[in-house]
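What follows is a single structure, written as structure tokens, with notes after it.
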Number of protein chains: 2
Amino acid sequence: MELAEAKLKFIEAWGKLGSEWGINRTMAQVHALLMISPEALTTEEVMAELSISRGNANMTLRDLIDWGLVEKQHKTGERKEFFYAEKDVWTIARRVAEERKKRELTPIIKILDQLAGVDGDAKDPAYKTFKTTVTDINKLANNVNKTLDTMLKAEENWFFGSILKVFK
Amino acid sequence: MELAEAKLKFIEAWGKLGSEWGINRTMAQVHALLMISPEALTTEEVMAELSISRGNANMTLRDLIDWGLVEKQHKTGERKEFFYAEKDVWTIARRVAEERKKRELTPIIKILDQLAGVDGDAKDPAYKTFKTTVTDINKLANNVNKTLDTMLKAEENWFFGSILKVFK
DNA sequence: CTAAATTTTCATTTTTTTTTGAAAGTTTAA
DNA sequence: TTAAACTTTCAAAAAAAAATGAAAATTTAG
């Protein structure tokens, strides 16, 4: 396969994967484009490569920066801003995990804590089932939370790096 | 908090979480409703509880069955079908992991394998960056794949199960 | 077999999400 | 300070996803 064709396929596949995981397809595509670019790109270049509007490119790049996946760069003598993506996959995985933890896990744990404190008749099956289900999900969520903390705190990539070797 | 209020909040929260992870909000809500129901429910009951149409309820319940999260039940003397959700959180997590692996991980690995075989000039930075990025992602994907296999094959829940007991 | 009960389908409508693009805002070189 | 270069915003449009509901299909009791 030729590089040009492979690039397009990669961008398409990454976009599809993103959308299946609740990440805007275009955002995932811009990320893919930048990941395979040796050089930082300008907004113009991103717009041209993916045929998207200026507004879309601008907002998407900002979101990627918020996710910690892309950084703005300035080149001496150039007035334009350049965008460069982190390329180490473990760092990318870590950033995504960090963000989703902050945006989704922490809020749901807060809600589950409230819901686990619901009061009702201990003889009522509806109450018992609710309480058990919510309590169990809450425990799982807290465990995922703790596991992520450990993973993310570790400088070394124990989860994807070393544990995997055990199973090889 | 009262049970009725708590139920609504749980259904809402579960629906939101689902939509953030690429799962149709209504599907997640139906799942939430069934998870907290001690008894299997009919399509009519699901429609009424969540104010959704018959068509929507039917398709959503079928999808949940496809995900292995809900099962059809028949009650003697009753002609209607009843729907019952698995309630063990580890089993739920396992089913979701299995399905997403099958639907998303396996296909992307197939594509990455093709893309990793792209040919080009070893001196070309664009080629080098593409190759490195795709190869690294491919390795990560294969490692996740293997880890999931091990996790899912294990009858015992080493990841969520045993760790849970420690924190109980 | 018949008809009532129940489930499924899917063209259409509604809702939600994403994108556009032009105007407003900001920065910087001179 | 000015004006060109560049970035950001956001109301409106477009696209995508989800929901509706009535008709068709299926099932089952009698």
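Labels below follow one simple rule: chain letters A, B, ... track the order of the sequence lines, proteins then strands, and each chain is numbered from 1. Bear in mind that the values here come from a model prediction, so they are computed numbers and not experimental data.
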Subject >> Separation of D:dT8 C1' from A:L64 CG (nearest whole Å) >> reply: 16 Å
Original post:
Can you tell me if CD on A:E5 sees more than 12 non-hydrogen neighbours from other groups inside 6.0 Å?
Top reply: yes
Exercise answer: donor-acceptor pairs, residues 76-83 of chain B side-chain atoms, under 3.5 Å, sequence neighbours excluded:
residue: B:E81; atom: OE2; partner: B:K72; partner atom: NZ; Å: 3.2

**OP:** Treating a pair as Watson-Crick (purine N1 to pyrimidine N3 plus N6-O4 or O6-N4) or G-U wobble (N1-O2 and O6-N3) with both distances under 3.5 Å, list the stems of 3 or more consecutive pairs that involve DNA chain C.
**Re:** C:1-30 with D:1-30
Original post:
How does protein contact run along nucleotides 22-30 of chain D, one letter per nucleotide 5' to 3', with B for base contact, S for sugar-phosphate only, - for none, heavy atoms under 4.0 Å?
Top reply: -----BB--
Original post:
Have A:N138 and A:N142 got a donor and an acceptor in their side chains that come within less than 3.5 Å?
Top reply: yes
Subject >> Proximity to the side chain of A:K80 - top-ranked nucleotide from D:dC10, D:dT8, D:dC6 >> reply: D:dC6
Subject >> Residue closer to the 5' end of DNA chain C, B:N56 versus A:S53 (nearest nucleotide) >> reply: B:N56
**OP:** Can you tell me the distance, in whole Å, between the CG atom of B:L61 and the P atom of D:dA18?
**Re:** 16 Å
Original post:
Can you tell me how far C1' of D:dC6 sits from CD of A:E45, to the nearest Å?
Top reply: 15 Å
Subject >> Where chain B begins and ends its contact with DNA chain C, read 5' to 3' at 4.0 Å from heavy atoms >> reply: C:dA4 to C:dC10
Original post:
So does A:E98 pair up with A:K101, basic N to acidic O under 4.0 Å?
Top reply: no
Original post:
For D:dT7, does either OP1 or OP2 sit under 4.0 Å from a side-chain N or O belonging to A:N58?
Top reply: no
Tell me which donor-acceptor pairs under 3.5 Å the side chains of residues 6-23 of chain B have, and how far apart each pair is, sequence neighbours excluded?
residue: B:W14; atom: NE1; partner: B:H31; partner atom: ND1; Å: 3.3
residue: B:S19; atom: OG; partner: B:K16; partner atom: O; Å: 2.8
residue: B:W21; atom: NE1; partner: A:E104; partner atom: OE1; Å: 2.8

Original post:
Which of residues 24-42 of chain A sit near DNA chain C, with a heavy atom under 4.0 Å from it?
Top reply: A:N24, A:T26
Original post:
Cationic tip of B:K87 within the cone over B:Y84's six-membered ring, i.e. under 6.0 Å and within 45° of the normal?
Top reply: yes
Original post:
Pairs in or reaching into residues 125-141 of chain B: which pass salt bridge (Lys or Arg N to Asp or Glu O under 4.0 Å), with residues at least two apart or in two chains?
Top reply: none
Considering only distance and modelled atom types, tabulate donor-acceptor pairs under 3.5 Å from the side chains of residues 56-69 of chain B, sequence neighbours left out.
residue: B:N56; atom: OD1; partner: B:T60; partner atom: OG1; Å: 3.3
residue: B:T60; atom: OG1; partner: B:N56; partner atom: O; Å: 2.8

Original post:
For B:T132, which residues count as a side chain to side chain donor-acceptor pair (under 3.5 Å) partner, sequence neighbours excluded?
Top reply: none
Subject >> B:T42: partners by side chain to side chain donor-acceptor pair (under 3.5 Å), with sequence neighbours left out >> reply: B:E45
**OP:** Hey, could you give me each pair passing salt bridge (Lys or Arg N to Asp or Glu O under 4.0 Å) that has a residue in residues 109-122 of chain B? Not counting sequence neighbours.
**Re:** none
Subject >> Any residue meeting side chain to side chain donor-acceptor pair (under 3.5 Å) with A:S53, in chain and number order, not counting sequence neighbours >> reply: none
Original post:
Counting heavy atoms not belonging to B:Q73, are there more than 12 under 6.0 Å from its CD?
Top reply: yes
